[in-house]
Each structure stands twice: as structure tokens, then as C-alpha cells.
Amino acid sequence: MPNRPSPLVPLRHAEFRLLWSATLMSNFGAMVQAVGAAWLMTQLTSSATLIALVQASNTLPVMVFALVSGALADIFDRRKLMLIAQGGMAVVSVALALAAWAGVLTPWALLGFTFLIGLGQALHNPPWQASMRDLVPRGDLPAAVTLNAVGFNMMRSVGPAAGGIITAAFGAAAAFAVNAASYIPLLAALTRWRPHPDPAPTKPEPFVPALSAGLRYVALSPNLMRVLARGALFGFASIAILSLLPLVAKSHPEGGSLFFGILMGCYGIGAIIGAALNPPLRDRFSNETVVQLAFVGFALATLLLAFTNSMWLHALAILPAGTSWVLALSLFNVTVQLSTPRWVVARALALYQTAVFGGMAAGSWAWGSVASSHGWHNALAAAAALLLTGAFIGIWFRAPEFGTLDLDPANRFREPPLQLDLRGRSGPIFIMVDYVIDKQDVPRFLDLMRQRRQIRRRDGARNWALLRDLEQPELWSESYHIATWDEYVRHNLRRTKSDSGVTQALNALHRGAGDPHVHRMIERHNVTAQDDVPLVGRLQV
């Protein structure tokens, strides 16, 4: 067995330790608030759909706004974004507590408040998760992600029980007030934190192109697409337990908000167990095996919850559900982080969260509707069947192994000296790269070009084509377009050390003098006297 470092090793980094401990308090308040909101909804309405929508109102904003947050996190100061998000959630939580105390909350008003808190979480999550690579070195990243899950689920193990006690003793308004106070430590820690990000080699990417670049990168990365698809399926099916747990607790005459809090606490304890099992399982088994264990484990827990009526069996069933939850989602999270270069990591994480939380939001509504028409027992049984299907899907769509590619920037591009007065927004730019390839090397060349096409398109190239000279068949040309000169510079700066292997292999096949010749041209369909002219006599750049 490999010599595995301690899972607590990220805590040796002072900034990570500061933010992680402050996040614990914030997560505690969130768990107390979740119990208060879920239980208050059971008092305001008997509709299973509205009760389940409490979970959806928390997860839907993440699905809708995570990509926007991810793009902002890759462009702007992540610390400031997190301060804005936490401050906004604190204000909304104070308003929610006051409205509850005044007794003016309706079911839809409660959903509105929880939606706004979820909106703040959607803004906070991508910059926070992307900041892991600013807080710890790459080798400590899996442990840091796991430790984040441990911290969250430590609070999930004690927060719901505390929330049940607070709600039972003082009412939901007190639970909301506790949540409002829990933002103070994290706001103080973020104010104190002074990150030192790498200097940007180019000016910030415009917002709309940044959104497009994130979508394109993930869409053209098969490994990431598999993670997103499995994550969405797991979120859709597994949210059935959290959505319907208030109904499970209410089904016991001797139950109540305290028993609901205990069930949520058992979920958190199971999640802590999952975080402890995560490193040894990853060492011993492939990622796909761990994912299949998580799907099957959650399915069995859901079936036990559906077909038993004992309080202690229900509490017991929740434990493996929490364990499986962490095994799957922490592995997906680490895979996305280690399969994505830094320039787009926040957007990739945002799209992952969009997929998972979108699945949760849709699942909350779907399982609530099934429970309304067919009972919560049947809804849980249907969710278990879908989870088992998700495990079998892995036979054809395996979860990728992570950490196999070096995604650090290659840093080999040097902006060429230009003889035209070109501005950053000038374009479109047409690129042509000439190769001289021996006949016997053509099959290998074409294989490498298939990889090159994927890399080029993923990093922003359009209209990629491979051309062969009819009169000199050993002469090949790769061509593509980039919208502007700034985008061309970004396109080249996005190249990773792993991508450079393809470039080196192509250069080795080239039989011409020196490296393959690169033509950089700007397209002009209508030429005017004010367009690009030689630099002679002009100093403006």
C-alpha cells in the first residue's frame, strides 16, 4: 500500500486552516437553518411537493447561477466575490429571522428566502473551491477537498440535531437567527485573508467570451462530461432522501423536529465515515469502483428507509446514505479540479455544480410529486432503482482516473513581433501551420492531428481544418480562426505541459528546415484607409 500522507496535512497551511475553521461555523449555521426551514414548512403546509421544494429552493440557484459565478471567479478577485456572497446571505438570513418572529411567513415566502440564501451559496461555491489551489499545493489538493467534506459533514452531524433542539424549544426564528450569526467568523476570516494569485499574463477576459470558453472547454473534454453526467444522475436520485426526510420523521407519531434533526445528524455522521474511508478506498480501488460502491450503497440505504417503519432502522439506514454521498461527490469534485487547468478551473467546477445541483433541484421536485401521488415509500423505492441503474451505467461510461495529466501552463508562447499596428480587438485572425511529412509518417501524423484538433477547439479555435497540397503531397497545413488577437494570445497561453507533448511529437515528424512555419494573418473583406497599415510613421499600438 502506498505511503499515504495524513488527511489533516492541509491544516499545516495557516490560511487554509483559518478559512476552514471559519467555514465550519458557517456550515453549522446553515445546517441549523435547513432544519428550521424544512420543519417550518411542515407546519405551514401539508403539501409533500412544497415540503420537498425547500431542498429545491436551496439547490436551484446553484444550478442556474453557478456558471456565472465560475466565470466571475476566473476573471475577478475571488476573495471579494466570496465577501459579497457571504455578506448578502447574512442580510437575507437576518430578514428571514425577523419575518419568522413576526409570523408573516407563507410557504412561498419561505421558499423565496431560502432561494436567496441559495443564490448567495451559488456565488460563493466556485471561487471557494477554486481557491483550494491558492491555499494548498497541488499534492495536498485531494486531502483539502476531502477535509472540506469532513468539515461540512461534521457540522451536518451536529448541526441538524442542534437545529432540531433549537426549533423545538424556541421556534424556527431562533434557528434562522443562529444562521445569521454564523456568517460573522467567515466574513472576518475572508477580510483577513490576503491571497497571492499568479499575475495574469493578459488583461481579464470579457465576461461573455469567458462564459463561452468555459462551456466549450468542458463540452470538448470527454472526461469532464462523464463526471458531470454521473454527478447529475447521482444528485437527481440521491436527493430523494434529503427531500423526503421531513415526511419520514413526521410519519412517526413519537417523532418531531428533534427526530428529524437526529436523522439529519446520522446523515452527517455517515458522511464523516465516508470521508475517512475515501483515501484508503481510492488507494485500493479504481475511481469507477468507488463510484459504483457509492451508487449501490445509497440505493440500499434508500430501500431500507422505504420498506421499514422502525425509528432506529431509519436512523441506521441514513448512515450508509451519508457515507455514499461523500464517496461519490468528493471524488467527482477532485476529478474535476485535477482534470482542469487553472485558467478555467472555477468555470469547470461551476458547471459540475450546475449539473449536480440541477439534478438535485429537479429530483426534489420529482420525488416530491411522486410522494404526493404515490406516497413517500414508493418515491424512495423508485429513487433506489435509479441509483442502481447509475451503478450499471459505469460499465460503459467509467469515471476517469485523476492526476494523470500535467495541466500546469506550458509557458512556451512568446508573442511574436508584429509589423502591423494591431490592436487587441483586431480580427478575425487566421492561423496556418505548415508541415513537411514523409509518406511513411502520415498515419502517425493524422493520429496526432486528431489530438491537436481537440486541443485547438477546446482552447478557442474555430473552423479548424487540415489541408494537403495536391502538387506537393508531403506538404500539409493546419489552419484555424481565432476571433481577435487578444483571444489568439489567450489561446496559446492556455496550452498545458500535457498538450505540449502533442506539439513536440508533431515537430519530431516535421522534415522541413527548422520548426513548422506558422503564418499569422488577419482577415480583411473590406479594406479602408483606416485599417491596419505598416508601423512606419505610426507609433500607436
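Along the sequence shown, the residues carry numbers beginning at 1.
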With sequence neighbours excluded, tell me which residues meet side chain to side chain donor-acceptor pair (under 3.5 Å) with [X].
X: R414; result: none
X: R494; result: E205
X: E288; result: R230, Q292
X: H13; result: D140

Does [X] have any ring-ring contact (aromatic ring centres under 6.0 Å, His included) partners at least two apart in sequence or in another chain, and if so, which?
X: F392; result: none
X: Y352; result: none
X: W365; result: none

State which residues pass side-chain contact (heavy atoms from CB on, under 4.5 Å) with [X]; sequence neighbours excluded, sorted by chain then number.
X: A505; answer: R444, L448
X: P341; answer: Y217, W343, V344, L407, T496
X: V296; answer: L300, L388, A391

Where do R468 and P473 come nearest, in terms of heavy atoms and distance?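 Result for this residue pair: NE-O, 2.7 Å.
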
What are the two closest heavy atoms between W464 and L466, and how far apart are they?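 Closest heavy-atom pair between W464 and L466: CH2-CB, 3.7 Å.
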
Using the salt bridge (charged side-chain N to carboxylate O under 4.0 Å, His left out) criterion, which residues pair with R462? Sequence neighbours excluded.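 Listed in chain order: nothing, the list is empty.
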
Side-chain donor-acceptor pair present, D515, H510, cut-off under 3.5 Å: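 No.
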
side-chain hydrogen bond (donor to acceptor under 3.5 Å, both in side chains) pairs, two or more places apart, involving residues 77-88: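 Found D74-R78, R78-D134, Q86-H124.
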
